[in-house]
Amino acid sequence: DWTKHVEDTQKYSAKYPGFKAALDARLAEAQKVFEEAKANKDEAARTAKLAEANGALTAVVPAFTEFEAAQAALKTARDAA
């Protein structure tokens, strides 16, 4: 879902300032592609552009999600020890 991907990208951009510039640039590029998709009258081309826009964000967001899950698991293991 586009909105969720945008929110996640913005969340990680704010939470990890070392990645802010890269995430903001990726988001800006994805939003540009998303706007191009919305303006496209051809259904197949629009669908392809929407997938491209979503793909630009889903290419990076899972890395942060996985990192946070691993970090939480380590914290849980440490606290249980």
*Between OG1 on residue Thr47 and CG on residue Asp42, distance to nearest 0.5 Å*: 8.5 Å
*CD of Gln31 to CG of Asp24: how many Å apart, nearest 0.5 Å?*
9.5 Å
Does the side chain of [Y] come within less than 4.5 Å of [X]'s, by heavy atoms?
X	Y	value
Gln10	Leu27	yes
Leu23	Val60	yes
Trp2	Leu50	no
Tyr16	Glu68	yes

*Over 12 non-hydrogen atoms of neighbours within 6.0 angstrom of CZ in Phe64*: yes
*How about Lys32: does its NZ atom have over 12 heavy atoms from other parts shown lying under 6.0 Å from it?*
no
Answer yes when [X] and [Y] have at least one side-chain N-carboxylate O distance shorter than 4.0 Å, and no when they do not.
X	Y	answer
Arg46	Glu43	yes
Lys38	Glu35	yes
Glu7	Lys4	no

Closest approach of [X] to [Y] (non-hydrogen atoms, all atoms of both residues):
X	Y	answer
His5	Thr58	CE1-CG2, 3.2 Å
Lys20	Ser13	CG-OG, 3.3 Å
Asn54	Asp1	OD1-C, 4.0 Å
Ala59	Arg26	CB-NH1, 3.9 Å

_ILVMFWY network linking Tyr12 to Leu57, side-chain heavy atoms under 4.5 angstrom_ = no
